[in-house]
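Shown next, in structure tokens, is the structure this report addresses.
Numbering of residues begins at 1 and proceeds along the displayed sequence. Note that the coordinates shown come from a computational prediction; the quantities given were computed from them, not determined experimentally.
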Amino acid sequence: MKALPLLACLALLSPPVCAEPNAYQYQPPRRGAPAQERLVGGGSRGAAGATPFLSTLSPEHVGLTVQAQPTLYWYLEAPAGTALELTLSAVAAPRPLLRLSLPPAPGIHGVALGRHGIRLQPGVAYEWFVALVADPARRSADLVARGAIERVTPPAALAERLARAGRHEQVRLYAEAGYWYDALATLAALIDAAPRDPQLRAERAALLEQVGLPEAAAEDRAAAR
């Protein structure tokens, strides 16, 4: 019997079984800080009257980028009646490099550091946070999600391959090399260009699930249906 394409449904089975479009395999780098909790202070997942779930779209280790001005992504489960704040700081620095007030809109969102004149220095570890601020006078009550990022220089051979590759191939190369933020941002750019493409949404969902982000992945899986 002739083999069916990878993404085809196996109609001969009952019920039909569809292969998972998971073309990109993230390989965590062999360096980085110990695992950190993404969520600080708890939070609910949609209970009536409770704070919605919030997460940075980052691995539990220090995620890598080759970009001086990457994009940082986060996920908010549902509309929030509080302020949303994003901050970025070099680890142990006394003051943040960036502090932004943002609309607390549900879904997956990103901030391009280039739009705010922020450049990451190679070899410096940075922390970034998104926080729902219920009471500006009592910041200890914030619901906070944390991410970590470091800029690195890619090997010359990989940089040459990336320069020649198309967007889809770049996602694969970045993911396999352990450059989380670049794989995610490149895939997000493909989704922005084709927001109704269900395969791209399913591919990002699979990538998010690889680093333990099932809530954000569910957003893409719903959009892929």
Side-chain angles (χ1 to χ4, degrees), residues 3 5-7 19-36 38 56-75 88-93 97-98 108 110-128 146-195 197 199-213 216-217 220:
L6 176 62
L7 300 179
E20 173 74 284
N22 185 6
Y24 310 119
Q25 293 291 330
Y26 174 64
Q27 298 294 331
R30 296 181 180 179
R31 55 196 296 271
Q36 299 283 341
R38 286 193 193 88
T56 58
L57 298 193
S58 59
E60 292 184 339
H61 51 266
V62 176
L64 302 183
T65 179
V66 302
Q67 307 297 326
Q69 297 178 305
T71 298
L72 306 178
Y73 290 91
W74 71 93
Y75 167 71
L88 169 71
S89 303
V91 172
L97 292 171
L98 180 66
I108 293 174
V111 163
L113 297 186
R115 294 185 178 179
H116 302 279
I118 302 298
R119 297 180 66 87
L120 304 185
Q121 299 303 311
V124 176
Y126 297 84
E127 291 181 307
W128 63 285
R146 173 193 182 275
I149 185 169
E150 182 177 338
R151 179 185 170 194
V152 297
T153 301
L158 177 58
E160 184 177 345
R161 292 178 67 190
L162 287 165
R164 295 197 310 263
R167 283 283 181 87
H168 292 274
E169 178 67 5
Q170 285 178 345
V171 178
R172 184 184 69 80
L173 291 171
Y174 281 133
E176 291 179 355
Y179 302 138
W180 169 260
Y181 287 96
D182 305 318
L184 181 63
T186 306
L187 187 49
L190 287 168
I191 291 172
D192 289 343
D197 188 326
Q199 180 172 328
L200 291 173
R201 295 279 189 168
E203 288 170 351
R204 185 168 67 178
L207 191 66
L208 294 170
E209 287 165 348
Q210 289 176 49
V211 295
L213 294 166
D220 272 336

Checklist entry - Would you call Thr186 and Tyr174 a side-chain contact if the rule is heavy atoms closer than 4.5 Å? => result yes

Item to check | Gln69 side, atom CD; Arg119 side, atom CZ - distance, nearest 0.5 Å | outcome: 5.0 Å

Item to check | Chi angles and distances behind the side-chain contact (heavy atoms from CB on, under 4.5 Å) call for Leu120, Glu150 | outcome: CA-CA 8 Å; Leu120 304 185; Glu150 182 177 338; over 6 Å; no

Next on the checklist: Tell me the closest heavy-atom pair linking Pro29 and Gly178, and the distance in Å.
Outcome noted: CD-O, 3.9 Å

Checklist entry - What do the steps show when you test Thr71 against Tyr181 for side-chain contact (heavy atoms from CB on, under 4.5 Å), and what is the final call? => result CA-CA 7 Å; Thr71 298; Tyr181 287 96; over 6 Å; no

Item to check | Under 3.5 Å: donor-acceptor pair, side chain of Thr56, backbone of Trp74 | outcome: no

Next on the checklist: Taking the side chain as everything from C-beta on, heavy atoms only, tell me whether His168 gets closer than 4.5 Å to Tyr24.
Outcome noted: yes

Item to check | Arg161 side chain near Leu173 side chain, heavy-atom distance below 4.5 Å | outcome: yes

Item to check | Backbone N/O of Leu162 and side chain of Gln170: donor-acceptor pair under 3.5 Å | outcome: yes

Next on the checklist: Rounded at 0.5 Å granularity, tell me how far CG in Asp197 sits from CG in Leu190.
Outcome noted: 9.0 Å

Item to check | pair Tyr179-Val152: side-chain heavy atoms closer than 4.5 Å | outcome: yes

Checklist entry - Counting distance only, does the side-chain N/O of Gln210 pair as donor-acceptor with the main-chain N or O of Tyr26 below 3.5 Å? => result yes

Next on the checklist: Using the side chain to side chain contact (heavy atoms under 4.5 Å, CB included) definition, which of the options Ile118, Leu97, Thr65 pairs with Leu113?
Outcome noted: Ile118

Item to check | Interatomic distance, Ile149 atom CD1 to Gln67 atom CD [nearest 0.5 angstrom] | outcome: 9.5 Å

Checklist entry - Taking the side chain from Tyr126 and the backbone from Gln121, do they hold a donor-acceptor pair closer than 3.5 Å? => result yes

Checklist entry - Is a side-chain donor or acceptor of Asp182 paired with a backbone partner of Val66 at a separation under 3.5 angstrom? => result yes

Checklist entry - Taking side chain as C-beta onward, heavy atoms only, is Val124 less than 4.5 Å from Val91? => result no

Item to check | Flag side-chain contact, heavy atom, 4.5 Å: Glu203 against Asp220 | outcome: no

Checklist entry - Just how far is it from atom CG of Leu64 to atom OG1 of Thr153, taken to the nearest 0.5 Å? => result 11.0 Å

Next on the checklist: Give me the atom names and distance for the closest heavy-atom approach of Gly63 to Pro59.
Outcome noted: CA-CG, 4.0 Å

Checklist entry - Closest approach of Ala183 and Ala175, non-hydrogen atoms and distance? => result CB-N, 3.8 Å

Item to check | Distance (rounded to the nearest 0.5 Å) between Ser58 OG and Leu184 CG | outcome: 9.5 Å

Checklist entry - Is a side-chain donor or acceptor of Trp180 paired with a backbone partner of Leu57 at a separation under 3.5 angstrom? => result yes

Checklist outcome for this item: Heavy-atom closest pair (Ala159 atom, Pro154 atom, distance to 0.1 Å) is CB-CG, 4.1 Å

